[in-house]
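Numbered from 1 within each chain, the chains take letters A, B, ... in sequence-line order. Just so it is clear, the values below take in all heavy atoms, side chains as well, and ignore hydrogens, waters and symmetry mates.
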Amino acid sequence: MIDPDVAAWILDFLLRQTLDDSLVHRLILSLPIPAPSPSSPLHRTLILRRLSSDLSRRSLSPRTLHSLELLSSLPRPSSAAALRAAYAAVAADLTVKPLRPSSRGGDDDGGGGGGGEGGGEGEFYDAVNRIWNCRVADLEAAAEGAEGAEAAAGLVSPELRATRREMEEAVVDATVRAGLVVRYTEERAFQAVRVYLEEAWKELGPSFLELAAEALIGMAKGKGLEMENPNSSKPSPEEGSRLLELVNHSGTVNKRGKEIIEENTHEWDDLFGSPLPANPVEEPHVSYPQKGKDSLLVKDNNQFILRKRRKKWSSLEEETLRKSVERHGVGNWKFIKQCHPSIFKDRTEVDLKDKWRNLVRH
DNA sequence: TTAGGGCTAAGA
DNA sequence: TCTTAGCCCTAA
């Protein structure tokens, strides 16, 4: 059995190599690492790796935005200017995406819901609401208030505020909308993320294993334990693969890990404590309890039914609900949930409605 | 998807 | 035992 600290060093090293995503997924499941705390170096490496993965798959999604938000909330946010630029570019790209000719779909769009003319605009309005009137508005509010001000200020820039105004204008003006499509290209967003990642990886420096290896080599040469020269030669991807093989043969793949690999789910997100779907529409609905630690069996009329385990509302959930209702009004429960997927990850729209009923009752 | 009635676990 | 909060069911 590998020591958790050693496992974390191995993972931290391998995450920086050009390994295939599926291998990284298997690694995360195989190694006995606890969920990294936001202050641990591994946390930053994991988020950067997830972002790199989005870039290499050329797939920018709300998950990408979430990664950038997480990075800005870390104790010492790296490459602040590039991070702000990447956030603004990705937010704009995700909003404008439905307006691009390639996304509007032909007659075989198969997506249902809307379709036809105006479908792209509909999705655009929805994205403006979700990203700019909700997500970015929250950041701006937080940047001005005391709560999370530092993290939010790391993302809020004059450029972001200007783009938000532009998006609002585009909702009512077709000419502005057309301008957005020309200006906010997908390539522009990719480029901004690429620039940020280059800077961030550079700032991160070598992994602990690399430093240790250098020190060992130094010792072998009789030079003592010097841990300098961070840009010395990195182990090759092949070496990373061999190490991975070693880990896989150590027999530490747990049962749950195997199940998840078989189900091909998104193992990354488990490590961040707040799974975020690539597309909010695909978010799993939690209204029907499933067997597990979050459910309990209750006897009802001589038959057992599965019931969701009672979970007290946290002050963060309560406060978020209050602010959301203030901003978006009563009754928009689904929208409010979509605005705060990580905070309300364990709640259904009905839960939000029920909680609000309780809040106004007393 | 939402509103509203009703049930029940938890705690005073 | 009573109240409250969280959850479920059903109709629209």
Side-chain angles (χ1 to χ4, degrees), chain A residues 61-63 65-66 94-95 97-98 103-105 109-138 147 167-168 171 265-266 269-270 273-362:
Chain A
S61 68
R63 192 182 85 160
L65 272 188
H66 186 234
L94 296 180
T95 317
K97 198 175 267 182
S103 304
R104 301 184 76 109
D109 105 20
E117 257 203 325
E121 273 80 12
E123 283 174 40
F124 170 74
Y125 302 147
D126 190 47
V128 170
N129 232 344
R130 212 175 43 240
I131 297 173
W132 298 92
N133 294 338
C134 206
R135 214 158 173 154
V136 175
D138 276 353
E147 221 178 304
M167 293 293 169
E168 282 164 358
V171 168
T265 54
H266 304 283
D269 301 328
D270 293 350
S274 53
L276 195 80
N279 177 346
V281 178
E282 293 164 10
E283 188 164 0
H285 196 66
V286 289
S287 68
Y288 298 103
Q290 299 188 334
K291 258 187 179 169
K293 65 178 172 56
D294 295 330
S295 64
L296 72 169
L297 223 45
V298 180
K299 197 172 184 187
D300 181 49
N301 279 340
N302 280 334
Q303 61 174 4
F304 285 98
I305 56 163
L306 212 50
R307 206 183 161 94
K308 212 166 100 179
R309 197 175 285 278
R310 274 174 89 95
K311 193 180 170 200
K312 196 169 162 29
W313 275 62
S314 67
S315 49
L316 174 67
E317 286 177 310
E318 213 175 293
E319 196 49 36
T320 307
L321 181 63
R322 281 184 199 278
K323 283 182 180 163
S324 299
V325 169
E326 218 170 88
R327 183 176 298 152
H328 308 294
V330 179
N332 295 312
W333 312 118
K334 187 178 162 63
F335 180 72
I336 291 174
K337 181 174 158 58
Q338 279 182 352
C339 283
H340 306 280
S342 52
I343 294 175
F344 295 133
K345 70 181 161 44
D346 295 328
R347 308 290 180 188
T348 66
E349 300 87 350
V350 175
D351 289 337
L352 303 194
K353 179 264 297 173
D354 286 338
K355 181 62 187 175
W356 183 252
R357 181 171 53 177
N358 273 336
L359 286 174
V360 294
R361 196 178 278 168
H362 303 287

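Computed from coordinates, the R347(A) CZ to dT1(B) C1' distance equals 19 Å when rounded to whole Å. In this structure, D351(A) atom CG and dC9(C) atom C1' are separated by 14 Å, rounded to whole Å. As a whole-Å value, the separation of L352(A) CG from dC7(C) C1' is 13 Å. Note: CG (N358(A)) to C1' (dC7(B)) measures 14 Å, nearest angstrom. One atom, NZ of K337(A), and another, P of dT2(B), lie 12 Å apart when rounded to the nearest Å. The CG-C1' distance, from D346(A) to dG6(C), rounds to 13 Å in whole Å. Atom NZ of K308(A) and atom P of dA9(B) are 16 Å apart (whole Å). Atom P of nucleotide dC7(C) and atom CH2 of W333(A) are separated by 15 Å, given to the nearest angstrom.
A distance-only check finds a donor-acceptor pair linking the side chain of D351(A) to the backbone of T348(A) [under 3.5 Å]. A donor-acceptor pair under 3.5 Å is formed between the side chain of K337(A) and the backbone N or O of F344(A).
Ionic pairing of D138(A) and R135(A) is not present here: no N-O contact between side-chain nitrogen and carboxylate oxygen is shorter than 4.0 angstrom. The pair E318(A)-R322(A) meets the salt-bridge criterion, with a side-chain N (NZ, NE, NH1 or NH2) lying under 4.0 Å from an Asp/Glu carboxylate O.
Between R361(A) and D354(A), the residue anchored closer to the 5' end of DNA chain C is R361(A), taking for each the nucleotide with the nearest heavy atom.
Of the side-chain N and O atoms in R357(A), none sit less than 4.0 angstrom from OP1 or OP2 of dG5(B). Within the 4.0 Å cut-off from OP1 or OP2 of dG6(C), at least one side-chain nitrogen or oxygen of K355(A) is found. Within the 4.0 Å cut-off from OP1 or OP2 of dA3(B), not a single side-chain nitrogen or oxygen of W356(A) is found.
Taking every side-chain heavy atom of E349(A) into account, dT2(B) is the closest of dA5(C), dT2(B), dG5(B). Nearest nucleotide to the side chain of K334(A), out of dG4(B), dC7(C), dT2(B): dT2(B).
One donor-acceptor pair, N or O on each side, does fall under 3.5 Å between the base of dG4(B) and the side chain of K353(A).
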Next on the checklist: Go through it in stages, so that I can follow the logic: the residues are D346(A) and K308(A), the test is salt bridge (charged side-chain N to carboxylate O under 4.0 Å, His left out), and I'd like the CA-CA distance, side-chain angles, deciding distance and then a yes or no.
Outcome noted: CA-CA 10 Å; D346(A) 295 328; K308(A) 212 166 100 179; over 6 Å; no

